[in-house]
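Take a look at the structure set out below.
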Amino acid sequence: MTPRTTAKERRTRTRPPGPDTGHRLGLLKEMLRIRRFEERCVEMYSAGEIRGFVHLCIGEEAVSVGVHQALTPEDAVVTTYREHGHALARGIPAEAVFAEMLGRMTGCSRGRGGSMHLFDADRRFYGGHGIVAGGLPVAAGLALADLLREREQLVCCLFGDGAVAEGEFHETANLAALWDLPLLLVCENNLYAMGTPLAREHAQVDLAARAASYGMVAWAVDGMDVLAVERAARRAAQAVRAGSGPYFLELRTYRFRAHSMYDPDLYRDKAEIERWKQRDPITLLTERMRTENGFDDTSVELLEKEVAEELDRAVEQARQGGLEPAEDLLRFVHSPARGTS
Amino acid sequence: MTPRTTAKERRTRTRPPGPDTGHRLGLLKEMLRIRRFEERCVEMYSAGEIRGFVHLCIGEEAVSVGVHQALTPEDAVVTTYREHGHALARGIPAEAVFAEMLGRMTGCSRGRGGSMHLFDADRRFYGGHGIVAGGLPVAAGLALADLLREREQLVCCLFGDGAVAEGEFHETANLAALWDLPLLLVCENNLYAMGTPLAREHAQVDLAARAASYGMVAWAVDGMDVLAVERAARRAAQAVRAGSGPYFLELRTYRFRAHSMYDPDLYRDKAEIERWKQRDPITLLTERMRTENGFDDTSVELLEKEVAEELDRAVEQARQGGLEPAEDLLRFVHSPARGTS
Amino acid sequence: MTTRKAATGKAVTYREAVREALREALVADERVFLMGEDVGRYGGALGVSLGLLDEFGPARIRDTPLSESAFVGAGIGAAIAGLRPIVEIMTVNFSLLALDQILNNAATLLHMSGGQVAVPLVIRMSTGAGRQLAAQHSHSLEGYYAHIPGIRVLAPATLEDARYMLAPALSDPDPVVIFEHGSLYNVSGTLPPDTGPVDIDRAAVRRPGTDISLITHGGSLGKALQAAEQLAADHIDAEVVDLRTLRPLDDATVTGSVRRTHRAVVIDEGWRTCGLSAEITARITEQAFYDLDAPVERVCGAEVPVPYARQLEEAALPQPADIVAAARRAVG
Amino acid sequence: MTTRKAATGKAVTYREAVREALREALVADERVFLMGEDVGRYGGALGVSLGLLDEFGPARIRDTPLSESAFVGAGIGAAIAGLRPIVEIMTVNFSLLALDQILNNAATLLHMSGGQVAVPLVIRMSTGAGRQLAAQHSHSLEGYYAHIPGIRVLAPATLEDARYMLAPALSDPDPVVIFEHGSLYNVSGTLPPDTGPVDIDRAAVRRPGTDISLITHGGSLGKALQAAEQLAADHIDAEVVDLRTLRPLDDATVTGSVRRTHRAVVIDEGWRTCGLSAEITARITEQAFYDLDAPVERVCGAEVPVPYARQLEEAALPQPADIVAAARRAVG
Ligand SMILES: Cc1ncc(C[n+]2csc(CCOP(=O)(O)OP(=O)(O)O)c2C)c(N)n1
Ligand SMILES: Cc1ncc(C[n+]2csc(CCOP(=O)(O)OP(=O)(O)O)c2C)c(N)n1
Ligand SMILES: [Mg+2]
Ligand SMILES: [Mg+2]
């Protein structure tokens, strides 16, 4: 498979650079931050410090960073187990995410969730869901609450291409469109559901067209171009806030790594991976900033340095975090208001 | 709501009468037979002879009769709890269906299923499903078996408009289109799911369009015109047998009675019901045969007489059926090949 | 089937008691809303919410499409956002389609998030057999829900509980599942003037007795009470315990009763193997082993998909005669 | 963890044993096919079916979309039509999405149709915790399936059972659900030369003993055997019973063991309340009440969504030390 480009994509690509240098610098740094964060995860996983399932979004950083530009603190976010990038882009401190993966009490889920279940209620980041498509109905409910309270905020629900095959996608899409819920549905189409390519998952591989059949606005966007993602997300979010009902964004992207750290990745053609790496979202923006924003090697080195310093500190802090005593195992099975059991 | 007519409907209606008088007579008699059969059910239900849930298809007879014209004995049928008409049209003797509703051993499910769960394996009639949309995946599996064995036969799965909202519809539609299963999906759109009108069930009320989004051929047909239903079903069945993959027929119909015998039917506008009764499938065909096939009152009386005699006999026989002894309660929990528990 | 025979209050049906509880909740707290298939225009598949749409409007009495997983999940999300949804699943038979949402989300999010995401959701559903609705409409799956850590499971068997259990359920900060047995809706009796919210942490002794404990819940309570009357006729004085709360189980009341009577029969309409009756039996023998004079007896639904034919359905369900026979065996 | 130490056969892993059983079935009967998420190209989420796609082709090693309800239901339909599908649900955690199909269709159609529609379907899924996969990927829900009349439930805990249980499962005319514990796939040992299909109606005594019966299945068998060794150190001779078939339960073997030892500990990784352990405990006390010298002990998974952090997960799961402690309590 090679990246397809739609009219929409071409249009957005040929737009004049809206955002200024400072803004682009921010986008680039955030993508770099996520990339380097996950590279640390790989090291710590290999060292046995991080365990369980770990799903990397390396290659998909433009999705997290681009989409989150359109969100406000009042908005809510629901995502999948492949959510490190979304968590960081949402503003959850890197040390809290590292700590979570290290199983520390200082982790953003007190070490109970691990890589797949990052939460931060204060930032309205509601997971980190491990059951494919399981977060979609919950996101619809969060949006229903906004609707009933007539709040001008939205719920952004991110999920993969594979999730679209689940009944829960269908039920949620219908419910959202039927009730005009303020829901921004973002499909991270990385062309594979584990080892299964899109064409073996879906009879109709044009996922945006599929979503449109529920009577909602749906766009396919180049998920490797962070500026295109941001533009589409902002436009969609604006409409959703204004009461348009749900929008669907299909962000066409690719994961450069295996499905999870367990995955030997025997099912993808290496040439295909290489082709997609040519469209690395970080490289794409860097190159563009070189030509359009007078960006140069030293600027890159500077960014790398800042990111490295932050992550060094974050890892350090995370490792300081204490372990929840086993006696507290049953804590939070129920709310404090009533005892456990 | 009033009956909508599509281009397709108009086309099929203005076609010259293909089938001859004999054939039309057969269609009319079968519809009449189903209508009168269900009127007996009402009597027997009121008399307390039939119990449990009973869902009538009065008003929807053109669906059962029209669709079954396109099926062969090798084909399989999977349907819902509203299946008296389909069971009779498939050739299950009236006495076996009556007996089932009377809970007799001679019933087509030995009295274990009742009105909602009619079965006849010899006729490849696989229920009679009470969980809305629950029969769809099973039908896909029956079709998968035909595909794997390269048999030129199809599976006809009938379900309601409400079922289209369930995740299982979505998953099955995708699977069927993805695998090119020989599956004829027939949606009996009677505009209501219990008390909920189509527009409160679906964001996109054009169900044929929804089905088409999976990449399968989908037609909306006037479900009150048995000749139109037959024509569409035959054409679709022919294509499916030829390996086209699944077809979807939306048959626009209406139930003249309440959802079930329990239902006070407080949610439908009486005028709406009256408008639809103007398009009673039996009246429509009768009138047409008066003008096109020299049909007259005596012909009607004759049909009524034949049907009445059959049903008298059937009820009589059904009442003769014995009751399964309570000691046999556990029989068929497992196949005879291995004991129960 | 009310516990108090006192006729000071007005006569109501179980259905009306549930409806009144819903109305009260909707009036008392604007965060409360009711959502489910046909709860509005139709008035509820079993007529429970009849009239509420006119009174509270479509925003708060919300008809949903046939999408159990989506609208139960939506209830979870709305609860997380601070509302107090009451989700009606028409019957337990359809709840399997939403079980993933209930088990993996509603019951799990609080713990998995380290205490951040509470889900104050109430789910109501009817349960049980007895109306010749056949295999797919006659389940009693309370045991599935009682198995799940993180949720509370209630089974109102009396008019008072139907009327007064909802308020405490709504004030529970965590998910609560309420089972209403289909055979109870038409039961009518007199409801004493408002006794206020009931204690949903305790089982209740519905009939005191000294010779044997009949332990049950929901739709089987009436059968147990009938059996107790029959046993009284031959001088066996049975105590009838109504579990009321299926999770967390009130061990003190159950064990306390058995300690006094030294014998027990557990009655559960659900399938026997790995069902609720197994847990009650196991706990009694764990906690009152040395007080038991005979093995605990179980009277359960037969292990069979419930058939339509009346004589077969009757044979598949616990009957008072079965309870009496089991009690006699235990008393020996 | 093989029962026979005899090293006459070749060394294999549990994973390879399951794969070999699948290959054998696919070769032996062209009606057999394997269907599930990533069983083909990927080789199975847990690597069980690696290589089978090349050997048998995409028609018989069929990758499915993420649609648990649809492909399990499709397995039911294909079985009705006379094929012998083996459906793999990646893990029990996702099986809730297909539970309606399993309970209301697979287990029900034969009886509900009056004996006309048999469903010779085999469903395989991995189960259990222990790899720090957190709450949504660590369930042990065998009890849910053992609750359902009309199906058989198997839990191969040894290499032999992993290798030889599939054939009899496929020859069962009714649905069979097979649970493979995730911690077993890498267990390796020597498999004796073909001993032919095993008897799937019987539990097995994996270690004979006289003082107490440790009753368990699947992933907990190894822990029970370890506990038995530790108990032997202080002269408590424990018998270890592997249930093997969770439905129908082999009461004779279990009760027989307890009649000899007079004491029992039931070990189940699943949640305690209303789980499999409750049924075993209830049956022992029902069937061997007067032979018991102490109440049956249960060692189960803590009633909590299994957490990620290692020390918390370990605390949430039955450990050999817990079994030893429970056995000591029982022996008193
Ligand atoms: C209901 C369910 N089925 C199966 C799985 C196992 N599983 C985890 S991720 C995954 C693939 C999902 O693919 P996609 O939705 O495209 O997301 P991606 O991993 O590509 O980001 C599968 C099959 C699961 N977690 N939940
Ligand atoms: C999964 C499920 N949810 C709810 C029900 C209760 N119920 C039975 S029929 C029905 C309406 C179905 O409407 P539709 O699919 O349009 O079929 P119709 O009755 O109109 O023929 C409902 C909600 C059910 N049987 N199964
Ligand atoms: Mg993907
Ligand atoms: Mg309908």
Side-chain angles (χ1 to χ4, degrees), chain B residues 50-53 81 100-105 107 109-117 128-134 160-169 192-197 200-203 259-260 262-268 323-333 340-341, chain C residues 36-47 49-51 53 58 62-71 73 90-91 93-98 100-101 129-139 271-273 301-317 319:
Chain B
I50 295 176
R51 307 181 60 88
F53 283 150
Y81 46 84
E100 186 57 36
M101 290 196 247
L102 292 171
R104 307 303 167 112
M105 244 191 305
S109 306
R110 285 187 76 100
R112 283 165 162 74
S115 165
M116 293 194 288
H117 306 299
H129 289 260
I131 305 298
V132 168
D161 46 287
V164 173
E166 292 281 4
E168 285 186 320
F169 167 79
Y192 289 85
M194 268 182 82
T196 308
R200 292 178 161 280
E201 280 278 325
H202 299 288
H259 168 73
S260 76
Y262 277 13
D263 171 14
D265 201 350
L266 306 170
Y267 47 85
R268 294 194 304 182
L323 296 173
E324 183 109 55
E327 308 80 72
D328 287 350
L329 171 66
L330 297 187
R331 195 169 162 206
F332 304 126
V333 170
T340 54
S341 132
Chain C
E37 290 160 10
D38 287 309
V39 295
R41 261 172 89 133
Y42 190 97
L46 294 136
S49 50
L50 202 66
L53 174 63
R62 183 167 287 267
D63 280 323
T64 67
L66 274 136
S67 306
E68 284 76 8
S69 190
F71 68 73
M90 249 184 213
T91 78
N93 308 287
F94 320 136
S95 72
L96 296 177
L97 295 167
D100 170 69
Q101 284 295 327
R131 293 173 299 151
Q132 286 188 253
L133 302 184
Q136 295 181 331
H137 285 75
S138 301
H139 293 300
W271 292 315
R272 177 188 184 102
T273 301
E303 306 224 22
V304 61
V306 178
Y308 163 73
R310 179 187 242 147
Q311 79 284 2
L312 294 179
E313 184 185 41
E314 279 172 1
L317 303 177
Q319 302 299 343

Q.
If you count heavy-atom pairs within less than 4.5 Å of chain C, which of Gly162(B), Pro264(B), Ala165(B) leads?
A. Ala165(B)
Q) Where on Met194(B) is there a heavy atom nearer than 4.5 Å to chain C: the side chain, the backbone, both, or neither? A) both
Q | Part of Asp265(B) lying under 4.5 Å from any heavy atom of chain C | A | neither
Q.
Can you tell me which portion of Ala316(C) sits under 4.5 Å from chain B's heavy atoms? Options are side chain, backbone, both or neither.
A. both
(Q) Heavy-atom pairs under 4.5 Å with chain C: which of Thr196(B), Val164(B), Leu266(B), Leu102(B) has the most? (A) Thr196(B)
(Q) When you compare the side chain of Tyr192(B) with that of Arg268(B), does any pair of heavy atoms fall below 4.5 Å? (A) yes
Q) Side chain, backbone, both or neither: which part of Ser67(C) has an atom under 4.5 Å from a heavy atom of chain B? A) both
**Q.** Side chain, backbone, both or neither of Leu96(C) within contact of chain B (heavy atoms, under 4.5 Å)
**A.** neither
Q) Which bit of Glu313(C) comes within less than 4.5 Å of chain B, counting heavy atoms only: side chain, backbone, both or neither? A) neither
Q. Are any side-chain N or O atoms of Asp38(C) and backbone N or O atoms of Ala45(C), one a donor and one an acceptor, separated by less than 3.5 Å?
A. no
Q: Could you tell me which of Leu133(C), Asn93(C), Val304(C) has the largest number of non-hydrogen atom pairs under 4.5 Å with chain B?
A: Leu133(C)
Q: Decide if the gap between the ring center of Tyr81(B) and the ring center of Phe53(B) is smaller than 6.0 angstrom.
A: no
Q. Which answer fits Arg310(C), side chain, backbone, both or neither, if we ask what part of it has an atom under 4.5 Å from a heavy atom of chain B?
A. side chain
Q.
Has Glu37(C) got a side-chain atom pairing as donor or acceptor with Asp63(C)'s backbone, closer than 3.5 angstrom?
A. no
Q) CD/Glu324(B) to CD/Gln311(C) distance, rounded to the nearest 0.5 angstrom? A) 8.0 Å
Q. Distance from Arg200(B) atom CZ to Thr64(C) atom OG1, nearest 0.5 Å?
A. 11.5 Å
Q.
Is it true that, when you exclude Arg104(B) itself, more than 12 heavy atoms of the residues, nucleotides or ligands shown sit nearer than 6.0 Å to its CZ?
A. yes
